[in-house]
Amino acid sequence: MSSQDKLTIFDTTLRDGEQSPGASMTRDEKVRIARALERMRVDVIEAGFPIASPGDFESVKAVARAVSNSTVCGLARALDKDIDRAGEALKPATSSRIHTFIATSPIHMKMKLRMEPEQVIEQAVHAVKRARQYTDNVEFSPEDAGRSELDFLCRVLEAVIDAGATTVNIPDTVGYNLPHQFGELIRQLIERVPNSDKAVFSVHCHNDLGLAVGNSLSAVLNGARQVECTINGLGERAGNAALEEVVMSVQTRQDIFPCKTDLDTTQIMTCSRLVSGITGFAVQPNKAIVGANAFAHESGIHQDGVLKSRETYEIMRAQDVGWAANRIVLGKHSGRNAFRTRLKDLDIEFESEEALNEAFSRFKDLADKKHEIFDEDLQALVTDSGLESGNEWLKLVSLRVCSETGETPNASVTLWLNGEEKQAECSGSGPVDAAFKAIEVMVNSGTELELYSVRAITSGTDSQGEVTVRLKLDGRIVNGQGADTDIVIASAKAYINAVNKIIQPDARAHPQLGDV
Ligand code: KIV
Ligand code: ZN
């Protein structure tokens, strides 16, 4: 192990992150996130699970087409049909990886797979060989490795490395391990698997006990050279190891870690905001690295110390993770060129002049209401502008609310609904409730409202409110977003965005595969 070792960062926000209920993303949203990850110089982007649905297949293909500086990976069970589908989806990639997995813990083999251990080894080897027919970059994961028997795990890993796996990933699928134990597992595996030098050892930790990052770092200290993680720690149940925490730990404690990542950490905040905006999973204020308070010093003693010498209380610089990005970029006098150029810097491009003009006119409307326009406002404006699909079934035409002390709030909403203009009026417990009821009268979506949240995109009372609405229909969950300086309008937009997504299921990726 040399101090120059590289730690590969494998981001699975678009696959495991998307498996958080309600975090499913459209193909275009996935491409936007993938581009941001590529700009951050993430090594491997797991773009999805191609067999899971036609939407997921198309998303992996679109990411494979859009990204050229990161390796694009597709997940596949250890089954021919999964691997073939992943191989097909990854065809356009400049650099591709197939990630195949099968469970190896006694409980998973017996209760879920109903297979004997010998059959599991045979299927794993077969899967790796088949994946190698599509790419020479193949990753194998023994699912639930954290609860598998060590001797059996060693046999499986030796066999798959022999079969051509170039990365072997050790998942703590249920987040059961403790850091010292997980680190020891990695050390033993590297020591005992005879051909361990022929593959990169990777880890994939879930956060059920809040130990995903701790376990991942312990594994790195014991020889793992790839960490699988997600932006903001998004992921199944309590989530996966947070990319920003892993990367900043390794960077900040170079006195301890014998390896380095290639990441441009100044892109962390952009990625964090993009993922939380698209998925509607807000970042808690006290979240490490990307939470609003992560670099805020409240107590007088701390403030005094930081003013005298930053290092008294700060172990990292806010700007190293991109916090300085919150600065005015445009205003009401900015022209179309400045607008286009700034969006280009944010990697947002328009398919046509018409789309640019439409966005620019929305920008001018916003600049009239809000004098200082930040990058966050521009990102919200684009997410909000319907550039994503352009074929909405439902659009907001206008909204009028009446809210007065002592009176029942009332909303009148006009919608563009399937080619026709419609109007309805309702009262409710508040203006947002009234507006949602009026929309439902016209749309009759039959959805249940699972979550409603509002956040100020920037500071100040003229800030845009970004609203997330989570709707559920027949077990499917989607998030909708809307932004506006008027939060009732933002709320109506978010509701409409969610209805459009849930009513047009073909456009959606469905990450969950019942029989995995
Ligand atoms: O948690 C897990 O075991 C997984 C595998 C597919 C790697 O996500
Ligand atoms: Zn996982």
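What's counted below: heavy atoms across the whole structure, side chains too, no hydrogens, waters or symmetry copies. Predicted, not measured: the structure shown is a model, and the values here were computed from it. When a ligand or atom number is given, it counts from 1 through the structure's own listing order.
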Spatial distance of atom CG (N240) from atom CD1 (I231) [nearest 0.5 Å]: 11.5 Å
Identity of the nearest option to atom 7 (C) of ligand 1, non-hydrogen atoms only, from E139, Q19, H99, E236: H99
Per-atom contacts, ligand 1 versus E143 - under 4.0 Å to a heavy atom: 3 (O)
Atom indices of ligand 1 within 4.0 angstrom of D16 heavy atoms, with elements: 8 (O)
Gap separating the CD1 atom of I102 from the CD atom of E143, nearest 0.5 angstrom: 9.5 Å
Spacing of CZ belonging to F49 relative to OG1 belonging to T12, to within rounding of 0.5 Å: 11.0 Å
Nearest protein heavy atom with distance in Å, relative to atom 5 (C) of ligand 1: R15 NH2, 4.0 Å
Closest approach of any protein heavy atom to atom 1 (O) of ligand 1, naming residue and atom: H206 NE2, 3.0 Å
SB check E88 R85 (cutoff 4.0 Å): no
Ligand 1 to N169 polar contact by distance, N or O atoms, under 3.5 Å: no
F295 and W323 aromatic ring geometry - parallel, tilted or perpendicular at 30°/60° bounds: perpendicular
Nearest heavy atoms of Q254 and C259, plus distance in Å: NE2-O, 2.9 Å
Protein residue, atom and distance nearest to atom 3 (O) of ligand 1, heavy-atom basis: T173 OG1, 2.6 Å
Nearest neighbour in protein (non-hydrogen) for atom 4 (C) of ligand 1: H204 NE2, 3.5 Å
D16, N/O/S atom nearest the Zn ion (ligand 2): OD2
Row check, Y452 ring normal vs R470 NZ/CZ: under 6.0 Å, within 45°: no
